[in-house]
Every structure is written in structure tokens, then in C-alpha cells.
Amino acid sequence: MSKELAKQYNPAKSEDRLYQFWEGSGFFTAKCDESKTPYTIVIPPPNITGQLHMGHALDNTLQDILVRWRRMQGYDTLWLPGTDHAAISTEVKVVEALAKEGLNKADLGRDKFLERVWDWKRIHGRRIVEQLKKLGSSCDWSRERFTMDAGCSKAVVEVFNKLYEKGLLYRGERIINWCPHCKTTLSDAEVEYTEHDGHFWYLRYPLKDGTGWLELATTRPETMLGDTAVAVHPEDERYAHLVGKTVLLPLVGREIPIVADEYVERGFGTGIVKITPAHDPNDFEVGRRHNLPIINVMNDDGTMNGEAGEYAGTDRYDCRKKIVSALEEQGFLVKVEDMKHNIGSHDRCRAVVEPMVSLQWFVKMGPLAQPAINLVKNGKTKFVPERFSKVYYHWLENIRDWCVSRQIWWGHRIPAWYCNDCGGITVSRGTPSACQHCGRTNIKQDEDTLDTWFSSALWPFSTLGWPDNTPEFAQYYPTSTLVTGYDIIFFWVVRMMFSAAEYTGREPFNTVFIHGIVRDAQGRKMSKSLGNGIDPLEEIAKYGADALRITLATGNSPGNDMRYSEEKVSASRNFANKLWNAARFVLMHLGNETLPDGMPEELALEDKWILTRLNTLTREVTDNLEKFELGLAVQKLYDFIWDELCDWYIELAKIRLNAGGKAKTDTLCVLCFTLSAAVRLLHPFMPFITEEIWQALPHDGETIMLAPFPVFNAELDFSAAEAEMARLMEAVRALRSRRAEMNVPPGKRAKLYIQTEQYETFTRGVEFLQKLAGVSDVVWDEAPPANAVQVVTADAVLFIPLDDLVDLDAERARLGKELEQAQKILAGVNAKLGNVEFTSRAPMHVVRHQRDTAATLEQKILLLNESLAKL
RNA sequence: GGACGUUUAGCUCAGUUGGUAGAGCAUUCGCUUGACGUGCGAAGGGUCAGCGGUUCAAGUCCGUUAACGUCCACCA
């Protein structure tokens, strides 16, 4: 901030310069100092394919607030940044880019393709990092990581081996979710279910012995090609005689058994279910119980395969139509009903997911879930808000094995080798030269890669050096706080928790601070398809990063969604400007003056008041931050700076600043002290403008980032002065209000006659009344002229003679109304005080407060009555 | 089917361990007030979704109903 200050704060002039100053000076760099208490946040790594959106802006603003706050408090603070390789997203992007050049994956081959992805990553993967900097994120970029860098990859291989050795990782044929578009498996978490209009086809399967047929219903008739049984409930008397018999599968002619299984719901449909073990998770289980063959009828692209006979090669939906009409022609279709049906689709590409049997790698979840549950049950990790722990428990208690292999190339290649001779599997940390079972060298590595979340699950410790015992791991693990949206609890938080419990034996973080999502002004989710997304960078360019940050931090309670509207950012920008001008005011008066150290020996009433208010603010903001109530903290800072500091203290300070001399110097001391403290309290929320102002004020140290966060100071706490000031403020407000009601021109100054027992207070306040309430002179204990407007406060009657402006009847009516109001409130208070239940049971301070209120009201009523009598 | 969230001023939302309801924006009136019109002063506007309960006292705690929303499960 130069001495030539612009009337308006221009963030564009400051932000990039300050960020470079901070980063270049190494202020973001964690010192790994064992003598200090660590505070650690590991960033939720954004995808290298991503661009900064409002969700990131919110998430990273919250993290930066916490980190900057703790850093100022003197913690050894580390905010570790990094990016995620985002397996499927990235692969899809690169495939699309290749397509524009007329190339495809298969033509290039695995190695060439991966080279292209790495190239793409080098070019585009840094974009999101640069965008995070625009927001002011104080990440330790010297420790930036990537989920596929050497360290993270080492952790992945280590974990894969450990799990395999422990029997928690197995390769087997199970039902998985298959995306026919991306041609890969998906985990359960990646499938989204939405309701669609569908049909329920009732089919007729003839009994082999020719004695009749069975009627059953299906929503996916094409899967009948893979039917290997028909099932009924074991206790269903209607069908008991059929169990053990055989039916002939229509169109196919395959002989399939009728089995009894409890999975069948007697009351649903006809009570008979066709069993397709290869294409339905429940049917798969039935198939296992009854040793049924598994016939997969589909290819990896969603077309039918050779098992589908004449339908081979047709798309699954074409096949459905053909099957239905064939069934109808041949008399196997009984009827069709409309029904609502939930269909799963891939959350990335929206393609309808096909349940399918496939040979894949799975993580056995049962043994891993319980320790993760315990971490939260035992309070090692806390959710904020607490209610999300319920969601967490529910998910872990019902979790199924995690399919971790993916049929794409971009990612961590599965460290398993298959022997072409003996068929054995060799899982290894390095590249094995021979099969560990038969010793022969005819081995080949698995072509698949791991689910992108496999490496993200290790992020809180792999980024700190694990599995090596690095100084960083020793100092910063477990991390302190994880900040993330509720939409990612299942994908990520759960997996980090069980991974950390298993490999590090500890919780990955002490607190999971959950926030909601940022919606548009109409409350809709921001999305590409709706085109309602708002680019945070455009908002930063327009209003400044500080304005965007406090907009996102304010008026939003933990775990709840918020609506974004530009009006809010503009209001925040106005606040920044207000603060800027307060600083400009102080600096203008400070000029080249050097202030003495410490506080003036004698503090004026208003000094004591603002210092006490500052103390309260300090205590409350710190308290709010500790409880993750960031929105409340911002609100209090906003109110203090705008209302108390600017609208009251600075206005009053003008009196002594203009008086000059010692009064001026003393006032400047308090002003600089207060502003410096306010700006430090605000720094975590609005880092740029606060640095700019702090630098311009008298200060110690290089940067506000490392300046001490204010603490409560008992020596500067004056509750009596605070109360006295409150009485004067009440008088000022009352006078202003009366003048406005009476349409007194603001320029018109009037004498003020005061009748009060609080003589000292009002004597001290004379100048306040003159400065703020349009008073010319104060007259004590003298009968005011008859044509005076009266203002009755709790402890004084103030008369403003306004000559012809006063209408006595109106005055009488107004005072009468005030009297009535006061009596009404007093009646309520007295009723309470007269109630023994209240006086005996309510806490002392509450009762005292009520007595004080009653006394004040009685006094006011007395004064009002006197005034009325004189009119 | 299960779980959770929301319901407070015209709009968007805060409201900490129960103690007489707040902000921003919008509205109305007034203002060259020597930091700021991105500003200053003043004003209007709320039976805190409904019902019941606990309590001396409920926006706040418990129960219940309704509307809206989210997540989980997925009966073929």
C-alpha cells in the first residue's frame, strides 16, 4: 500500500504481486520443526483434467482459512498440495484428443499411448494448480505431489502386496459393474441410479415334461439368453411340486432346472424368477448356492456375444426388441406392464452400466471395515458436523468387496504376473523374473490398472513419504483436518479411513470437516450440461479473491449447501473497500509520524470501549474457528470492522485526531493497534487486502502471514467503560432517530438540555453528542423551553428545542405511546419476577438481568411520566 | 423401503450451552458528513411450517404431521 492511496481498493493490483511475494519468500514452506506442534492438511487432490469450479473454490478457501489461522498461531503448519491422475477421466480426454488426429489407442499401443497421456498431463495438469494460487491458497508447493509420482506409486505397489499377502486381495469371478462405453469395470460407488420408465415383460417358460408352463416376469428380457435356472421360494406351496423339474428355455431350447431359493419374494410378480447368474448380482448368488452354470451373453461393448446364438453381434437394446418380438411370435409373451425402474449408469459417461460376471481383482472389505468404524467410534476421528458419522457407519457396515481392477491403461498397473506354464499368480514389489510357483520365466504382467481411488485412498500418508519412515511422516502424520464435500465421503473418506487403519494403524486425520455443495442462485446444482456453472476465476477478476472467499465462507453452516449469487460477492467487495478506506483514513492521519510503543497511559472512554470490543471479538473468533464455525467468525469480523470500528470508533476518533497533539498521537496508537489486530484476525479469510494494509501500518516482521494471531488481553478489557459507552450510544441513536422523524435538516444543529443522574457519563459524552447527533451546546439542569422535542433513554431525558418544528399534541401522543410500550414490557418482566418458580429455578445471572431490566424500565417510565406532566 | 437435511423479514441465509429474534440484498425517507456514494443516518417488515409435549422459560430440547430436497438400498 503506497502513501498515495486509491479511493477504491483494486484487488487486481495486489493479488498476484502478494502471492509471488509469499511464495517466493518461502512463507508457505513447512519447516518440519519437531519442537512445534504440527497442523497438517492434505489437499483433496483435484483431477489433472479439472478446472477450478466453485466447489474447489469453497473447499480450498476453507482449508486456507484453517491453515493460515494455525500458521499465525505458531503451529508448524503444512498444507500439502497435489493432483490426482483421474484414471478414466484423463484417459477419455486423451482418447478424444487422439481421435481428432485420426488416431486410436489400439493403433498407438500401450507405451505410445501412455507417453501421450504424460505429455497431456505436463501441458494441462498444471492449470488447476495455477488456479488454486489465484484463490490465495497457501499450499507448500515445494511438497506438491501427484498420485502417479514415484512415491505414491511405490505406496500403491506396497499396499497391493501387503493386501495380497494378508489374503485381503483376491482375483476372482464376480458380478461387477461394466461400463460398455468406457469398456471397464466400475466400483459400486461409481454407479448412479436414476428412475426410468420401463416395462415388465411376463414370459411363459414351458415345462420339459409337457405338463404346462411357468409364468415369470423380467425387466431385461435379453438376459434370458443367459438363464440357467428358474427359482421359486422353498415354502411357496403353489410351486412346491415343481422344484426339481426342468423347463425348456424359450428361443434357446436349453434345459434348465427349477430350484428353490429363499431369495425369491413370494408376493412379488408371479413368485417365479428366472435366474441369470452372469448378469445379475442376486442371481449370481443363487447360482453359487445351486451350482448353476454361468453363461455370459454379452461382449465388452454391450453387444451380444456368441452365446446369444442368432443374436450375436446385435446391440443389447436391439436384441431386447428382437427377443420380445420373437417371444411374442412364438407365444411365450403373456403380457407387458409399464413400470418405474431404477437404472444404473456410469457417473462419468452416463452410459447404462451392465452387471456382468468377470474375472477381476477385489479387496475383501469385511476385515477392513471394522477398524475404520472403530476409529470414529473411539473418537480418533471426528466428523464435523457430527451427523455425517452416521452416513459413514452405514456405508461401512454394508460395504461389499471393492473391485479395484480397471481395463484402462492410464493408472497404476496391477503388480501381478501370470504364469503361462503353471497358471500361478506372482504378486511382487519389483518386476519378477520368474514365476514364484514353478520358477519358469514365461510370465506376463496383468494388463489392467487400479481404480483411481486405490491411490487416493493412500493420499494422507503416501504424500508424507510412507511406506518409508520420513521426518515428514513422523512430524505431520496423522494429519489434522480433512476438508471435503459430503458428496465424496463414500468414494474417498471411507477408503482413506480403512486404508490408514490397516497400513498405518492410526487415523489419517483428527477431523473430517464436511461442507455442502455450491448451487446456483436458483438452488440448482452447477453443471456443465445446464451451463449454469460460474467460473471462480471470472469472479476473482471482477471482485477480487478476498471477496469471493468471504462470500463462500459466510452465511453457510457446515455440511449444508449454499446458493451462490453475484450480489453476495459484490457485498463482500464493498466490505473490502470499506476496510481499505478505514486503513486509508488511519494512514492519512498517521502521515510520517512515528508512534510510541505500547498503549497511551490514559485511555479515553471510546478507546477502552473499542479495545474491549476487540477483546471480545478475538475471543469469539478464535472460539468459532476452533469449532469450525467459520461463517460465524466472518460475520463477527464484518460487524466489528464495519459497525464498531468504522461507524463508531473512527467517527469518534476524528474529534481527537483533529485536536492534534497528544490526543492525536494517543488516538493513532489505539487506531493502529485495533486495526492491526482486526486485520490479523481477518487475514485467514481475506489474505490479500489484510497483507496490503498490515504492510502499510506500523508492524514487526516481514508478513502478516507469520504475524501473531491476536489473543485475549485482560489488561485491555474494560467492562465498565463498555457499559458507559453503550448508554451514550443509546442516546446518540435516540437523538438521531428523533431528528430523522422530525425531518430536522442534518445541517441544523440544536442545543441539548440534559436531565440525568448519570452526570459523569454524559459529561464525557458531550463531544460525542456534538459529533454524532447534531448537538451544538449542552445545557445542564436548566428547564428546557416548552417547545422542545424530548428523547427519553434509560437514564436521561434529552430535550432538543426546535422552535416551530414541534407539535405539542404529536409529542404528547408519541411519549404516551412510548410509555405504554415500556409499561407493557415491564408488566411482562414483573410477571416473571413475581413467579417464585422463576426466581428460584432460573440461574442467578438471568434473574439479575431481569431485575436490571425492570429497574431500567421503571426509571424510564418515571421519566416519561414527568415529561408528559410538563407538556 | 431406510436414513438424513431444510422450512426464520419480500429474497438469500445466520442464530454457539434454552433466557424478549439478526445480517446482507431489496424497499421507504433524508444526506457534498474532509476515509469510503462500493458511502452515511433513519425507518418499515417476522404468532421462527402446523400440532402436541418437557421446562419457571422453547426458533433452540422431545414427539408427531406436512412440503421440499439429498443420500442409501434396489423385488427379478
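Reminder, nothing fancy here: chain letters follow the sequence lines and each chain counts from 1.
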query = Which whole number of Å gives the distance between the P atom of A9(B) and that of G46(B)?
reply = 10 Å

task = Tell me what Arg736(A) touches on the nucleic acid: a base, only sugar-phosphate, or nothing, going by heavy atoms under 4.0 Å.
result = sugar-phosphate

inquiry  = From C-beta outward on Leu632(A), which listed nucleotide comes closest to its side chain: G19(B), A14(B), C40(B)?
reply    = A14(B)

request  = Could you give the distance separating A58(B) and U20(B) at their P atoms, to the nearest angstrom?
outcome  = 12 Å

query = Would a distance-only check, ignoring hydrogens and angles, find a side-chain to backbone donor-acceptor pair under 3.5 Å from Asn342(A) to Tyr193(A)?
reply = no

task = Between G59(B) and U6(B), how far apart are the C1' atoms? Round to whole Å, please.
result = 14 Å

Give the table of side-chain donor-acceptor pairs shorter than 3.5 Å for residues 838-851 of chain A, with sequence neighbours excluded, one pair per line with atom names and distance.
| unit_1 | atom_1 | unit_2 | atom_2 | d |
| --- | --- | --- | --- | --- |
| Thr839(A) | OG1 | Asn835(A) | O | 3.3 |
| Thr839(A) | OG1 | Val836(A) | O | 3.2 |
| Ser840(A) | OG | Val836(A) | O | 2.6 |
| Ser840(A) | OG | Glu837(A) | O | 3.4 |
| Arg841(A) | NE | Glu837(A) | OE1 | 3.0 |
| Arg841(A) | NH2 | Glu837(A) | OE1 | 3.2 |

ask   = Taking the same atom, C1', in A23(B) and in A57(B), what whole-Å distance lies between them?
value = 26 Å

inquiry  = Using a heavy-atom cut-off of 4.0 Å across all strands, would you classify Tyr193(A) as base, sugar-phosphate, or nothing?
reply    = base

query = NA contact type, Ile650(A), heavy-atom cut-off 4.0 Å: base, sugar-phosphate, or nothing?
reply = base

remark   = Out of C75(B), U20(B), C72(B), minimum distance to the side chain of Ile825(A) belongs to U20(B)

inquiry  = What's the closest nucleotide to the side chain of Asn624(A) if the choices are U16(B), U55(B), A76(B)?
reply    = U16(B)

Any donor-acceptor N or O pair under 3.5 Å, side chains Tyr9(A), Glu692(A) = no

query = Does His341(A) put a side-chain nitrogen or oxygen below 4.0 Å from OP1 or OP2 of A76(B)?
reply = yes

ask   = So which nucleotide from A76(B), C74(B), C36(B) ends up closest to the side chain of Asn282(A)?
value = C74(B)

request  = Can you tell me the pairing partner of G30(B) across any strand shown, Watson-Crick or G-U wobble, with both distances under 3.5 angstrom?
outcome  = C40(B)

request  = Ignoring hydrogens and angles, answer whether the base of U70(B) and the side-chain atoms of Asp487(A) contain a donor-acceptor pair closer than 3.5 Å.
outcome  = no

inquiry  = Can you check the distance between U55(B) and G22(B), where both ends of the measurement are the P atom (answer in whole Å)?
reply    = 28 Å

request  = Please report the shortest heavy-atom distance between Ala545(A) and Ile540(A), naming the atom on each side.
outcome  = N-CG2, 3.8 Å

key: Rounded P spacing from G19(B) to C48(B) in Å   = 16 Å

task = With a 3.5 angstrom cut-off on both distances, give the Watson-Crick or G-U wobble partner of A21(B), or none if there isn't one.
result = none

ask   = Can you tell if the side chain of Cys672(A) reaches within under 4.5 Å of the side chain of Val586(A), non-hydrogen atoms only?
value = yes

key: Base A35(B) to side chain Glu651(A), donor-acceptor N/O within 3.5 Å cut-off   = yes

inquiry  = Check the phosphate of A43(B) against Ser737(A), side-chain N and O only, distance under 4.0 Å to OP1 or OP2. Yes or no?
reply    = yes

ask   = Does U6(B) have a Watson-Crick or wobble mate here (both distances under 3.5 Å), and if so which one?
value = A67(B)

task = With the side chain of Ala842(A) defined as its heavy atoms from C-beta on, choose the nearest nucleotide among G19(B), A76(B), U55(B).
result = G19(B)

key: Identified pairing partner of A58(B), criterion: Watson-Crick or G-U wobble below 3.5 Å   = none

query = With rounding to whole Å, what would you report as the distance between A67(B) and U47(B) at their P atoms?
reply = 23 Å

inquiry  = Between Arg573(A) and U38(B), is there a contact of a side-chain N or O with OP1 or OP2 at under 4.0 Å?
reply    = no

Under 3.5 Å on both distances, the Watson-Crick or G-U partner of G46(B) = none

key: Complement of G1(B), any strand, by Watson-Crick or G-U distances under 3.5 angstrom   = C72(B)

request  = Answer with yes or no after comparing the ring centroid distance for Tyr638(A) and Phe640(A) against a 6.0 Å cut-off, counting only values under it.
outcome  = no

Which atom pairs link the protein and nucleotides 4-10 of chain B when you take only N or O atoms and keep those under 3.5 Å?
| unit_1 | atom_1 | unit_2 | atom_2 | d |
| --- | --- | --- | --- | --- |
| C4(B) | OP1 | Lys390(A) | NZ | 2.6 |

query = Heavy atoms, side chains only, cut-off 4.5 Å: are Ile272(A) and Glu215(A) in contact?
reply = no

inquiry  = By nearest atom, which of the nucleotides A35(B), A76(B), U16(B) is closest to the Cys646(A) side chain?
reply    = A35(B)

note = Ranking U55(B), U16(B), C36(B) by distance to the side chain of Lys636(A), first place goes to U16(B)

key: Candidates A42(B), C40(B), C72(B) - which lies nearest the side chain of Lys578(A)   = C40(B)

query = So which nucleotide from G37(B), C31(B), C71(B) ends up closest to the side chain of Pro746(A)?
reply = C31(B)

ask   = If you check the Val829(A) side chain, which of U20(B), A35(B), U16(B) turns out closest?
value = U20(B)

query = Is the base of U12(B) touched by the side chain of Arg563(A) through a donor-acceptor pair closer than 3.5 angstrom?
reply = no

task = Classify the side chain of Asn835(A) versus the base of C56(B) as yes if they form a donor-acceptor pair under 3.5 Å and no if they do not.
result = no

Listing time: all N or O pairs from protein to nucleotides 22-27 of chain B that are below 3.5 Å?
| unit_1 | atom_1 | unit_2 | atom_2 | d |
| --- | --- | --- | --- | --- |
| A23(B) | O2' | Gln635(A) | NE2 | 3.3 |

